[in-house]
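Beneath this line is the structure, given in structure tokens, with notes to follow.
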Amino acid sequence: MAGVYKVLISFWPLLCIGVQSQYKSKENCVFQGDEDTYSFYQRGDVVLGGIFPLHSSPVSSLFSFRTKPKPTSYKFFTPRALRWMQTMIFAVREINQRQDLLPNLSLGYHIRDSGDDIPVSVKRSLLLVNGQPEKGSGQSCEDIQMQPSPVIVGDAASGVSMTVLRTLGSFKIPLVSYFASCSCLSNKREFPAFMRTMPSDLFQIKALVKLINYFQWTWVGLIGVNSDYAHFAIQLFLKESEQFNICPAYVHFYPVVLMEDALEELVNILKASSATVIINFSGESELHSILKECRRQNVTHLQWIASEAWATSKSLWEEFGDLLKGTLGFAIHRADIPHLGSYLKEIRPQTSHFLSEFWEETFRCRLNGSLNTHAHGEQAQNWPACNGSENLDNVYTTYSDVSQLRVSYNVYKAVYLIAHALHDMSTCVPGKGPFQNGTCGSLYQIQPWQLLYYMKQANFTILGEEVRFDENGDPIASYDLMNWQRGSDSSLQLVRVGFYDASLEDDKDLVVEESVIMWHRAEKVCAIPRITRYWSLSLFFLQLYFMILTGLNKMEYCNFKWKCNIGFIMH
């Protein structure tokens with residue numbers, strides 16, 4: 001007992017210091033961390049949080065802590081993500097103007113940049129849910145406090161979303177993602193507060209396997225970037241394809257940063273294999289390097305199958321259209337959102353740091369009186385001045401391109417999901433509510449767990465599409481089957497040649513209009529194994545070696561590969 005008293009006496013001065021520090025900060029509001037001043041904020045009865053990767057590729061740095069560490073800087077600004085963010089604001093304003101949805105409740109928003117970076121995303125998600133103000137010095141906390149957000153729309157990446165969920169999980173604050181597709185996020189024991197308007201990769205894989213089986217391709221190559229996204233996807237593909245006797249000719253994971261030796265190794269595998277149908281799980285940047293090496297080594301015969309991450313990526317076509325003609329891939333459902341295109345062009349660049357940065361990047365100029373502290377690189381030193389009156393109609397940018405609204409549509413649906421849940425809460429009859437003793441959820445001191453309940457029950461129609469969710473918080477999957485075709489002017493034409501709808505019966509969920517497809521060569525490729533007994537055994541052991549090198553040495557996969565190769569030997 002005496003030891004306890006000694007410990008208390010020892011710590012008493014420290015406790016006093018802490019109290020004094022808190023007492024001194026009552027008048028002037030002081031918060032820990034950087035003054036994170038850049039955000040979009042609009043008051044409302046309920047303020048929706050939003051996290052979007054407006055920047056990417058954070059620049060790493062080491063801190064000595066002799067001076068205050070500088071905020072994270074980034075290599076790239078992402079106009080496409082700015083469109084996603086603006087779509088959220090557009091949806092909030094649209095709902096506030098409606099009389100049939102939340103007529104007595106106004107929505108606001110508090111949106112921040114995730115930087116596509118886990119530490120930054122966690123920090124800024126906490127800013128959203130605790131209402132921390134933009135500036136923390138010289139004012140009282142009460143005067144500058146922002147409303148806490150009971151729900152967050154975001155993030156885009158699966159890995160970032162998982163980390164944010166683990167941070168906010170104790171508070172049961174809902175996170176609604178518009179682009180995180182990893183099937184691992186369907187685990188409700190680990191991520192009970194997660195929902196998404198992006199289908200799980202589980203459905204994409206089912207669609208891809210059925211497509212491969214439809215064309216009777218039994219011998220395919222599987223490649224993917226070394227990430228959770230590709231690893232989970234390929235493991236699902238291997239498991240799902242067993243029932244259709246589809247065998248992988250090889251499985252190869254390549255690094256995110258593709259150096260010359262890694263590229264040569266990958267393309268040598270593509271060349272050496274008899275498989276002509278290749279499924280690639282990556283983004284467009286990784287594929288760009290691969291296609292460049294394919295051209296160098298004259299590998300031009302492959303029939304590419306795209307994952308949804310690059311199934312509609314127009315940026316690859318100009319340089320590699322000859323290699324990608326005939327590509328097939330499933331893309332998430334698109335929609336035309338009325339009036340969004342004109343709204344996107346109404347921006348005032350001087351009103352926001354992010355809008356100023358976008359404007360300068362787009363027009364290669366420096367805004368007069370710019371709010372910006374960012375750097376555009378050395379080339380920006382010679383940029384002329386501009387004043388914000390430039391016309392977006394005179395330039396092409398992915399920000400204002402509304403021809404393929406897919407992720408933007410997911411953002412739109414996420415906002416409407418929350419609005420419909422709040423509307424259902426507002427129409428609850430006391431005594432007949434879903435909570436204890438028939439009580440209803442409170443709209444003016446919203447409990448996130450109560451809102452989450454209503455979100456999981458939501459079922460609504462938007463732009464002609466019925467939106468509903470399964471027990472895991474995943475939407476019923478629907479994909480467009482896209483075919484990359486060359487137009488008369490040599491431009492890329494993304495032609496819908498079928499669809500996959502997981503809500504239909506098993507033998508009717510995939511529809512393919514084969515007569516509309518333009519193939520890479522004159523006709524559909526033949527993808528069946530044509531190997532001798534000796535080469536089949538040799539290939540098996542070579543594949544096993546690659547599996548061990550890449551870490552994909554699961555026993556069930558080895559058994560699967562053994563059955564496939566034994567089948568070829570028997571032939």
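Since the structure is predicted, the reported quantities are computational estimates derived from the model, not experimental observations.
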Using 0.5 Å steps for rounding, measure from the CD atom of Glu240 to the NZ atom of Lys206. 4.0 Å
Quick one about Asn226 and His231 (side-chain donor to acceptor, distance below 3.5 Å, no hydrogens or angles considered), yes or no? yes
As an exercise, state the distance from OG of Ser503 to CZ of Arg468, rounded to the nearest 0.5 Å. 5.5 Å
One should read off an interatomic distance between Ile95 CD1 and His423 NE2, to the nearest 0.5 angstrom, of 11.5 Å
Steps toward side-chain hydrogen bond (donor to acceptor under 3.5 Å, both in side chains) verdict (Ser282, Asn280): CA-CA 6 Å; Ser282 78; Asn280 175 57; 2.8 Å; yes
Check the orientation of Tyr229 and Phe281. Use parallel for under 30°, tilted for 30 to 60°, and perpendicular for over 60°. perpendicular
Are Lys210 and Asp506 within salt-bridge range, i.e. N to O under 4.0 Å? yes
Note, Leu165 side chain near Leu185 side chain (heavy atom, < 4.5 Å): yes
Would you say Leu494 and Lys314 make side-chain contact, with heavy atoms under 4.5 Å? yes
When rounded to the nearest 0.5 angstrom, what is the spacing between CG in Asn213 and CG in Asn245? 9.0 Å
Take a 6.0 Å sphere around CZ of Arg98 and say whether it holds more than 12 heavy atoms from other residues, nucleotides or ligands. yes
Which heavy atom of Pro53 sits nearest a heavy atom of Asp113, and at what distance? C-OD1, 3.7 Å
Decide whether a cation-pi geometry holds between Lys413 and Tyr409; the criteria are a distance under 6.0 Å from NZ or CZ to the six-membered ring centre and an angle within 45° of the ring axis. yes
Test item: Lys432 side-chain N/O and Cys440 main-chain N/O as donor-acceptor pair under 3.5 Å: no
How many angstroms lie between atom CG of Leu175 and atom CD1 of Ile51, to the nearest 0.5 angstrom? 9.0 Å
OG (Ser313) and CD (Gln404) are apart, to the nearest 0.5 Å, by 11.0 Å
Could you tell me whether the side chain of Tyr214 reaches within less than 4.5 Å of the side chain of Glu514, counting heavy atoms only? yes
Would the distance check show the side chain of Asp501 and the main-chain N or O of Ser478 forming a donor-acceptor pair, the cut-off being under 3.5 Å? no
Donor-acceptor pair, distance only, cut-off 3.5 Å: does the side chain of Ser158 make one with the backbone of Cys182? yes
Are Arg406 and Asp480 ion-paired here, with the side-chain N under 4.0 Å from a carboxylate O? yes
Could you check whether atom CD of Gln445 has more than 12 heavy atoms from other residues, nucleotides or ligands sitting under 6.0 Å from it? no
When you measure from the side chain of Asp474 to the backbone of Asp470, do you find a donor-acceptor pair of N or O atoms at a distance under 3.5 Å? no
Below 4.5 Å, heavy atoms only, C-beta onward: do Leu202 and Ser186 meet side chain to side chain? no
Partner of Met88 under side chain to side chain contact (heavy atoms under 4.5 Å, CB included), chosen from Tyr178, Phe52, Tyr412: Phe52
Looking at side-chain heavy atoms only, is the closest gap between Phe232 and Asp201 below 4.5 Å? no
Can you find a pair of side-chain heavy atoms, one from Thr312 and one from Arg334, that are under 4.5 Å apart? no
Main-chain N/O of Ala311 paired to Trp484 side chain as donor or acceptor, under 3.5 Å: yes
Tyr500 and Phe330 aromatic ring geometry - parallel, tilted or perpendicular at 30°/60° bounds: perpendicular
4.5 Å side-chain heavy-atom contact, Tyr416 and Val467: no
Hey, what's the ring geometry for His353 with His55, parallel, tilted or perpendicular (30° and 60° as the breaks)? tilted
Parallel, tilted or perpendicular: which fits the ring planes of Phe435 and Tyr454, with parallel below 30° and perpendicular above 60°? perpendicular
Taking the side chain as everything from C-beta on, heavy atoms only, tell me whether Phe191 gets closer than 4.5 Å to Met162. yes
